[in-house]
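Quick note: numbers below take in every heavy atom, side chains included, and nothing from hydrogens, waters or symmetry partners.
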Amino acid sequence: MPRLHRPASIVCAALMAMIPVAAQADVAGRYEMVGENIPIRMSMTVEADETGNVRLQMGSQPGYYLVMDDDIYAVGGGMGRDVVARVADISALADEKYAEFFAEVPVHGDDEMALDLVPMGDETVNGRTGTAYGMAVGEGGEAHHASMVISRDPALAPLGRAMQTANGSMFRNAGTLGTMFSMLNADIAETLAEGALLRMLTMELTDVSFDPIPPARFALPSEPLSLDELRAMTAPEPAPPTLPPVAAD
């Protein structure tokens, strides 16, 4: 049975911002997990065209995301190579499933932990220099190591805008998940809006290209599935006819 994937990765969730995007040249960037003793090598690519369309994909996974006209689509992956669905519909379905399986779980109040970004001087990442930031807990807290590095190089501004477009759209369309992360990372989003990300934890910007990108990279391969079609894809199989029904609690 086709499998739906939750429309967010940890890296993507941490990079959210919501600002309008001006016209720009085509840009592509690759982020890679670097360093010693890393159990899983991961990479992520970001592509944007001159109109502001954005394509985001993980290097080791099938499928990708497309942002067009303030909407974000999941393409392929566990759903099937050319299957398209709106992230908002996938998130709505995930919320329905969560409510179904965890209906009796009590909901606790918000235990939001305030995080402050503290500038920690300049840092060079793969030949590009930016401002390093650490995360401190609570007002007046201390940051002990740099968690991210932001470049304010105008040449990298199109890449920064592409990241903000993709991640802002993910926030707006990811249901309760997007709402949660948008609240927890407001300070991070504000800082990211100032430039292009060079490093987030162990993910580093390793390659950048401003060559023209084929328009086909930003075209949907098929019409998006409706929410009802997604529900049908995830409906349970009929119970074995020779067994009694599941007893109600």
Engineer: Is the shortest heavy-atom distance from the side chain of Tyr133 to the side chain of Val118 under 4.5 Å?
Structural biologist: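 Not in contact.
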Engineer: Quick one: list whatever passes salt bridge (charged side-chain N to carboxylate O under 4.0 Å, His left out) with Asp207, sequence neighbours left out.
Structural biologist: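 Expected list: Arg30.
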Engineer: Determine, for Phe218 and Arg55, whether the Lys NZ or Arg CZ falls below 6.0 Å from the six-membered ring centre while staying within 45 degrees of the axis.
Structural biologist: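 Relative to the ring axis of Phe218, which defines the angle, Arg55 lies outside at least one limit.
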Engineer: Leu197 versus Tyr31: any side-chain heavy-atom pair under 4.5 Å?
Structural biologist: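 Yes, at least one pair of side-chain atoms sits under 4.5 Å.
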Engineer: Apply side-chain contact (heavy atoms from CB on, under 4.5 Å) to residues Leu230 and Asp89 and explain how you reach the verdict.
Structural biologist: CA-CA 8 Å; Leu230 290 174; Asp89 289 339; 3.7 Å; yes
Engineer: Less than 4.5 Å apart, any side-chain heavy atom of Met148 and any of Leu201?
Structural biologist: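 No - every pair of side-chain heavy atoms lies 4.5 Å or more apart.
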Engineer: Under a 4.5 Å cut-off applied to non-hydrogen side-chain atoms, are Val27 and Glu47 in contact?
Structural biologist: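 They are not in contact (no side-chain heavy atoms under 4.5 Å apart), so the answer is no.
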Engineer: Side chain to side chain donor-acceptor pair (under 3.5 Å), that's the test. Do Asn53 and Thr51 meet it? Break it down for me.
Structural biologist: CA-CA 6 Å; Asn53 295 325; Thr51 66; 3.2 Å; yes
Engineer: Is there a salt bridge (Lys or Arg N to Asp or Glu O under 4.0 Å) between Asp153 and Arg128? Walk through the geometry before answering.
Structural biologist: CA-CA 9 Å; Asp153 181 354; Arg128 304 176 182 91; over 6 Å; no
Engineer: Got Glu123 and Thr129 here, is their nearest side-chain heavy-atom distance under 4.5 Å?
Structural biologist: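 The answer is no, as the side chains (C-beta and beyond) never meet within the 4.5 Å cut-off.
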Engineer: How long is the gap from CZ on Arg86 to CG on Asp71, to the nearest 0.5 Å?
Structural biologist: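 Rounded to the nearest 0.5 Å, the CZ-CG separation comes to 5.5 Å.
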Engineer: Do the side chains of Leu56 and Met44 get nearer than 4.5 Å, heavy atoms only?
Structural biologist: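 Met44 vs Leu56: side chains touch.
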Engineer: With side chains defined as the heavy atoms from C-beta onward, is the minimum distance between Val54 and Leu66 less than 4.5 Å?
Structural biologist: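 Val54 vs Leu66: side chains apart.
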Engineer: Where do Ala48 and Ala162 come nearest, in terms of heavy atoms and distance?
Structural biologist: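 Answer, listing the atom of Ala48 first, then Ala162: CB-CB, 3.6 Å.
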Engineer: Compare every heavy atom of Thr165 with every heavy atom of Gly52, then report the nearest pair and how far apart it is.
Structural biologist: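 What the structure gives for the nearest pair is O-CG2, 4.1 Å.
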Engineer: Measure the shortest side-chain to side-chain distance between Leu198 and Leu156 over non-hydrogen atoms and say whether it is less than 4.5 angstrom.
Structural biologist: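 Leu198 reaches Leu156 side chain to side chain.
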Engineer: Answer yes or no: does atom CG of Asp228 have more than 12 heavy-atom neighbours from other residues, nucleotides or ligands under 6.0 Å?
Structural biologist: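 Atom CG in Asp228 is crowded, with more than 12 foreign heavy atoms closer than 6.0 Å.
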Engineer: According to a 4.5 Å side-chain heavy-atom criterion applied to Ile, Leu, Val, Met, Phe, Trp and Tyr, with indirect links allowed, do Val125 and Met200 form part of one hydrophobic cluster?
Structural biologist: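 They do share one cluster, since a chain of ILVMFWY contacts under 4.5 Å joins Val125 to Met200.
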Engineer: Decide whether Met58 and Val87 are clustered together by the hydrophobic rule: side chain heavy atoms of Ile, Leu, Val, Met, Phe, Trp, Tyr closer than 4.5 Å, transitively.
Structural biologist: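 Yes.
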Engineer: Test of understanding: with salt bridge (charged side-chain N to carboxylate O under 4.0 Å, His left out), list the residues that count as partners of Glu32, not counting sequence neighbours.
Structural biologist: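 Applying salt bridge (charged side-chain N to carboxylate O under 4.0 Å, His left out) to Glu32 gives none.
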Engineer: For residues 219-226, dump all side-chain donor-acceptor pairs below 3.5 Å to protein atoms at least two apart in sequence or in another chain.
Structural biologist:
unit_1 : atom_1 : unit_2 : atom_2 : d
Ser222 : OG     : Asp82  : O      : 2.7
Ser226 : OG     : Glu229 : N      : 3.1
Ser226 : OG     : Glu229 : OE1    : 3.4

Engineer: Nearest 0.5 Å, what's the OG-CD distance between Ser43 and Gln57?
Structural biologist: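 Atom-to-atom, Ser43:OG and Gln57:CD are 8.5 Å apart.
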Engineer: Indicate the atoms forming the closest heavy-atom contact of Leu205 with Gly29, along with that distance.
Structural biologist: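 Where Leu205 meets Gly29 most closely, the heavy atoms are CD1-CA, 4.3 Å.
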Engineer: Is there a path of hydrophobic side-chain contacts, each under 4.5 Å between heavy atoms, that joins Met135 and Met120?
Structural biologist: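 Met135 does not cluster with Met120.
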